[in-house]
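The structure appears below as structure tokens.
In each ligand, atom 1 is the first atom listed, and ligand 1 is the first ligand listed.
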Amino acid sequence: MSRGAAAIRAMIAAAAIAAATVSPAWAQQASDLVAPEQAFGTGTARSATATRQIVVAAHPLAADAGLEILRAGGSAADAVVAVQTVLGLVEPQSSGLGGGAFLVWYDAASRTLTTFDARETAPAQATPDLFRDDAGKPLPFFDAVVGGRSVGVPGVPRLLETIHRRYGQRPWPSLFAPALNLAEQGFKVSPRLAASIAEDAGRLDGQPSTRAYFFHADRTPLTAGETLRSPDYAQTLRALASTGAAAFYQGPLAARIVDAVRSHPANPGLLSASDLEAYRVKERPALCAPYRGYDVCGMGPPSSGATAIGQILGMLQPFDLAALGPDDPTSWRLIGDATRLAFADRERYLADSDFVSIPKGLLDPSYLASRSSLLRRPTAIGKDEATAGEPPWDKAELRRDGMPLDLPSTSHFVIVDAAGNVASMTSSIENAFGARLMVGGFLLNNQLTDFSFSPVADGTNVANRVEPGKRPRSSMSPTIVLKDGRPAFALGSPGGSNIIPYVTATLVGLIDWGMSLPEAVAMPHLVNRFGVYDLEAGTSAEDMAGDLEALGYAVSGKDLNSGLHGTAWVDGSIVGAADPRREGIARGD
Ligand code: GLU
């Protein structure tokens, strides 16, 4: 093991140990199904090794629910329904029925990959000015988020139905039982949920629906370990279980969603009953990029995830990162500047490809080779040079950079069933607690704020401007990595646009630095999207500050709360690992 690898292993272990303890007060209902792997200190509390089937999710109750379905003979698609409906209850701030998702699916029988785009859509009445004030100025972020304006048509309920119809093995109503039981019997509020409520109390307390659910009658917020029940959510689940997704997109529940959005007193939105009725999940081909003998596959547009990850890895390919190791600042100069170049392209070119044309050559090997040559220098790329490139394109369109704003929430989970099918899904209501509006026991998303607030720059349209029926650009990066056509790794993370560097660094850890999956997801974060090098506060990533400054970067300590959840196929076993920074866990047989 190199000096660098030894040092980073020590810092990974320290980070994992600090964050690993699951409080028995709230996790007590999660039965201890799998003995944790012993190879990684106390950090292994969040990992598991399986030979048959496995679930890795952001909450033990969600992982248990998925495993219960798998044990009953369910497929990974069946388990997705159970995991997502439980997450929407126990981790409501991150994802749920009121949000959207991207799913990458590996079909074991045909050995093929496909993806499902269940991203929220803008209402038919939306205009490019949705997030500008009367004077044409972009709204302050939270003025746009809280209320009805930011709510896009949710995609999750239709996605659950779509994949169950295609890949399901168990009866649809049975998949709702775990969430229904928990909604009726109650579950213990987790420390993370309690902390999120306390942190956002000022906004949640201002909206009657969230005040009623997340606070006591005396307006004090719920605390960790308290039991929470949701009769409203139970009612929604019963309707979905008996009628299917139509119970969400039509009828009384749809009417309540439309009413909550349109009649919001301070910030009404434009969502209508016909928008809900028209919602469709889109199946799209997986977007794959080669990296050192692997195929790294994920979501194409409207997500920027797989394109940006493929670009970064493509630019890194000519450099011997394995020899440099994770402790050499040069590794981070290369990774950081490749990320900046990919983000410059992302900002200019990436958006919903059903609405705007996107250069066909963003992953073209010769284009990436020319971008990569910009990294052949001793110090950081200057700000003026870290700009969008000119990839091969069928069009001759002008593009200007948009105005990105996304703050992290979201949840990633991975499920492998006994037949070998793999679901890698990132699911989101965008900001923590979304639009802060609750209907039917779930929160409505604020995903429309992932559009550029300014539709034009210097008189030219930006690709990611609001348009009716369009899907906002995402950074979500559900990923499945293939080796010789078979799954080698499946992973993803929350984190807004930091998702892209989180997932990329994890892949470099796995492929170049020989880390195990639990080590790779616990690796301290060093992230550079726009020039400043963000170093994960309170970890030994901060020890790299002086070296990175010497290379020409400004550095800043930051809370970099990923939630990397994944699986790795190792010697006939499946290793599952959950990020020690959050409450997730892997459970398998
Ligand atoms: N809205 C973000 C996106 O779609 C995800 C938010 C997050 O991960 O926290 O890219």
Item to check | Residue list, side chain to side chain donor-acceptor pair (under 3.5 Å) with T115, at least two apart or on another chain | outcome: none

Item to check | Within 45° cone and under 6.0 Å: R203 NZ/CZ vs F142 ring | outcome: yes

Next on the checklist: Any nitrogen or oxygen of G495 lying under 3.5 Å from a nitrogen or oxygen in ligand 1? Just yes or no.
Outcome noted: yes

Checklist entry - Of all the atoms in ligand 1, which lie at a distance below 4.0 Å from a heavy atom belonging to S475? => result 3 (C), 4 (O), 10 (O)

Next on the checklist: Please check whether T410 reaches ligand 1 - meaning an N/O of the residue sits under 3.5 Å from an N/O of the ligand, judged on distance alone.
Outcome noted: yes

Next on the checklist: Suppose I only count heavy atoms of D450 and a 4.0 Å limit; which atoms of ligand 1 are within that range?
Outcome noted: 1 (N), 2 (C), 3 (C), 4 (O), 10 (O)

Checklist entry - Looking only at heavy atoms, is any part of N431 under 4.0 Å from ligand 1, and if so is it the side chain, the backbone, or both, or is it neither? => result neither

Checklist entry - With atoms numbered from 1 as shown, which atoms in ligand 1 lie under 4.0 angstrom from a non-hydrogen atom of Q447? => result 1 (N), 2 (C), 4 (O)

Checklist entry - What atoms of ligand 1 come closer than 4.0 angstrom to any heavy atom of P494? => result 8 (O)

Checklist entry - Which ligand 1 atoms does I499 reach within 4.0 Å, using its non-hydrogen atoms? => result 8 (O)

Next on the checklist: Tell me whether R473 forms a cation-pi arrangement with F451, defined as NZ or CZ under 6.0 Å from the six-membered ring centre and within 45 degrees of its axis.
Outcome noted: no

Checklist entry - Any side-chain donor paired with an acceptor under 3.5 Å for S150 and Q447? => result no

Checklist entry - Is the closest heavy atom of R473 to ligand 1 under 4.0 Å? => result no

Next on the checklist: As a quick check of understanding, evaluate side-chain contact (heavy atoms from CB on, under 4.5 Å) for L204 and Y213, giving each step before the final call.
Outcome noted: CA-CA 9 Å; L204 293 173; Y213 188 63; over 6 Å; no

Next on the checklist: Strictly distance-based, threshold 3.5 Å: is any side-chain N or O of S454 a donor or acceptor partner for the main-chain N or O of V456?
Outcome noted: no

Next on the checklist: The criterion is side chain to side chain donor-acceptor pair (under 3.5 Å); which residues satisfy it with T114, sequence neighbours excluded?
Outcome noted: E283

Item to check | Residue G496 vicinity, atoms of ligand 1 by number, heavy atom under 4.0 Å | outcome: 6 (C), 7 (C), 8 (O), 9 (O)

Checklist entry - Between W393 and Y349, does the ring centroid distance fall short of 6.0 Å? => result yes

Checklist entry - Which ligand 1 atoms, with their elements, are less than 4.0 angstrom from a heavy-atom of M476? => result 3 (C), 4 (O), 10 (O)

